[in-house]
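Within every chain, numbering begins at 1; the chains are lettered A, B, ... in the order of the sequence lines, protein sequences first and strands thereafter. Computed from a predicted model, the values in this text were never measured in an experiment.
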Amino acid sequence: MRIATFNVNGINGRLPLLLHWLASAEPDVVCLQELKSPDDRFPAAALRDAGYGAIWHGQKAWNGVAILARGSDPVETRRGLPGDPNDSHSRYIEAAVAGVLVGCLYLPNGNPAPGAKFDYKLRWFDRLADYAATLLDLEIPVVLAGDLNVMPTDLDVYAPARWRDDALFRPEVRAAYRRLVDQGWTDALRTLHPDERIYTFWKYFRNAFARDAGLRIDHLLLSPSVADRLVSASVDRRARGWEKASDHAPVWIDLAD
DNA sequence: ATGTCACAGCCACTGTGA
């Protein structure tokens with residue numbers, strides 16, 4: 001079973017690229033972020049034609065998350081992260097697919113820091129940690145996947161010194177990520193590749209991808225029973241090099257049946 | 001500070017978020 005996460009950076013503008021990638025990677029489950037599409041413009045028919053059922057939580061222009069399932073319809077279990085009824089951003093959706101509870105998330109960027117956006121990011125992280133703890137208590141297979149907008153360690157940044165004060169790398173944010181993982185989650189990529197430089201995002205600026213000036217900010221966190229099934233984990237860098245690429249590459253894991 | 005995208009509002013380009 002292959003589960004992927006992919007920040008598409010606009011699902012309508014990049015639909016041909018997404019369809020091409022789905023056909024070549026054949027993931028069973030896909031978590032998408034940054035749809036940048038209202039719900040009524042989500043390309044459900046094209047995805048259905050490509051063999052994927054979908055649920056989505058969009059909004060105009062910004063944010064937006066979706067879960068795709070190959071050959072089936074994801075069974076939605078939640079939309080929106082608990083803990084703040086006034087949070088209007090579409091950043092969390094969750095579904096049961098083939099015996100796994102899949103939470104797809106787009107954590108706030110948080111720049112500029114300090115400031116209101118950074119405070120919102122930290123609050124969102126706290127809400128995520130509170131909710132993630134309740135998922136672990138269920139003792140069922142759970143995958144939390146998405147763009148967490150945090151580089152966990154220096155190994156995850158091409159130039160750590162330049163990112164110290166950025167909202168994606170400040171100590172408070174790394175500590176929040178560490179507290180979340182320490183609840184009992186397994187960071188799939190880092191667990192299988194403890195010493196490797198792995199990036200999932202390269203800015204559009206300054207030829208970053210060609211220079212491999214990247215960041216690892218897209219993560220798959222596994223509950224214990226899923227971690228026991230983890231076979232492989234990798235970044236599909238091909239898609240970052242394609243025409244009209246997103247600034248993120250897809251990341252996937254393979255689980256034993 | 002900068003760099004490059006996508007999208008909204010609105011028909012040419014600026015503003016915004018990343």
Side-chain angles (χ1 to χ4, degrees), chain A residues 5-21 31-44 46-47 56-66 81 86-92 104-125 128 145-152 156-170 172-174 176-177 199-219 235 237-251:
Chain A
T5 181
F6 186 17
N7 180 324
V8 281
N9 189 12
I11 193 168
N12 289 308
R14 273 183 238 290
L15 185 59
L17 177 128
L18 175 62
L19 294 174
H20 182 61
W21 176 72
C31 295
L32 298 173
Q33 301 87 35
E34 282 206 83
L35 304 179
K36 296 185 173 178
S37 169
D39 280 338
D40 60 5
R41 292 195 55 223
F42 183 85
L47 291 165
W56 59 94
H57 187 202
Q59 68 182 84
K60 191 167 68 175
W62 314 120
N63 309 315
V65 285
L81 192 66
N86 296 318
D87 185 357
S88 60
H89 295 199
S90 299
R91 296 184 177 275
Y92 188 83
C104 171
L105 62 120
Y106 176 46
L107 207 130
N109 176 294
N111 276 305
K117 289 183 178 179
F118 190 62
D119 294 342
Y120 172 63
K121 177 176 195 167
L122 294 178
R123 285 201 311 275
W124 211 94
F125 231 132
L128 176 62
D147 177 358
L148 276 78
N149 267 316
V150 53
M151 299 83 86
D156 304 307
V157 191
Y158 69 98
R162 291 189 187 180
W163 287 83
R164 293 278 176 230
D165 294 327
D166 191 275
L168 279 67
F169 201 49
R170 286 174 66 105
E172 307 95 305
V173 176
R174 279 183 282 140
Y177 179 84
Y199 303 136
T200 66
F201 166 89
W202 299 259
K203 288 190 294 184
Y204 288 122
F205 317 149
R206 294 185 172 179
N207 217 16
F209 184 57
R211 296 187 295 117
D212 200 25
L215 309 172
R216 189 174 76 97
I217 57 177
D218 300 274
H219 306 296
V235 179
R237 295 171 62 108
R238 297 174 308 159
R240 183 61 180 80
W242 291 345
E243 195 83 13
K244 294 273 289 176
S246 168
D247 41 6
H248 295 250
V251 185

> Between atom NZ of A:K203 and atom CG of A:D247, what is the distance when rounded to the nearest 0.5 Å?
Replying inline: 11.0 Å
>> Please classify the nucleic acid contact of A:F209 as base, sugar-phosphate, or nothing, using heavy-atom distances under 4.0 Å.
In response: nothing
>> Can you say whether a donor on the side chain of A:R206 sits under 3.5 Å from an acceptor on the base of B:dT2, or the other way round?
In response: yes
> Quick one: on DNA chain B, does A:L35 or A:F201 contact a more 5' nucleotide (nearest heavy atom)?
Replying inline: A:L35
> Which whole-number value in Å describes the distance from A:Q59 CD to B:dT16 P?
Replying inline: 17 Å
> In whole Å, what is the span from the CH2 atom of A:W202 to the C1' atom of B:dG3?
Replying inline: 18 Å
>> Over all strands shown, is A:K203 touching base, sugar-phosphate only, or nothing at heavy-atom distances under 4.0 angstrom?
In response: base
>> Please report the distance separating the C1' of B:dC13 from the corresponding atom of B:dA1, rounded so that it comes out in whole Å.
In response: 23 Å
>> Just N and O in the side chain of A:K117: are any of them under 4.0 Å from OP1 or OP2 of B:dG17?
In response: yes
> In whole angstroms, how far is the C1' atom of B:dT2 from the CG atom of A:N111?
Replying inline: 14 Å
>> If I take atom NZ in residue A:K36 and atom P in nucleotide B:dT4, what distance separates them, rounded to the nearest angstrom?
In response: 16 Å
> Between B:dG9, B:dT16, B:dA18, which nucleotide gets closest to the side-chain atoms of A:W62?
Replying inline: B:dT16
> Between A:Q33 (CD) and B:dA18 (P), how many Å, whole number?
Replying inline: 14 Å
> Is the count of non-hydrogen atoms from other residues, nucleotides or ligands lying under 6.0 Å from A:R238 atom CZ greater than 12?
Replying inline: yes
>> Between B:dC7 and B:dC11, how far apart are the two C1' atoms, rounded to whole Å?
In response: 15 Å
>> Could you tell me how far apart A:K244 (NZ) and B:dT4 (P) are, to the nearest whole angstrom?
In response: 16 Å
> Quick one: on DNA chain B, does A:N109 or A:N12 contact a more 5' nucleotide (nearest heavy atom)?
Replying inline: A:N12
> Should A:L168 and A:N111 be marked as a side-chain contact (heavy atoms from CB on, under 4.5 Å) after you check the CA-CA gap, both sets of side-chain angles, and the distance that decides it?
Replying inline: CA-CA 8 Å; A:L168 279 67; A:N111 276 305; 3.6 Å; yes
> More than 12 heavy atoms of other residues, nucleotides or ligands under 6.0 Å from CZ of A:R41: is that the case?
Replying inline: no
>> I need the CG-C1' distance between A:D166 and B:dG17, as an integer number of Å.
In response: 14 Å
>> Could you measure the distance from the NZ atom of A:K244 to the CG atom of A:L15? Nearest 0.5 Å is fine.
In response: 11.5 Å
> Nearest-Å distance, CZ (A:R14) to P (B:dA18)?
Replying inline: 15 Å
> Among B:dA18, B:dG9, B:dC7, which is the nearest nucleotide to the side chain of A:A61?
Replying inline: B:dC7
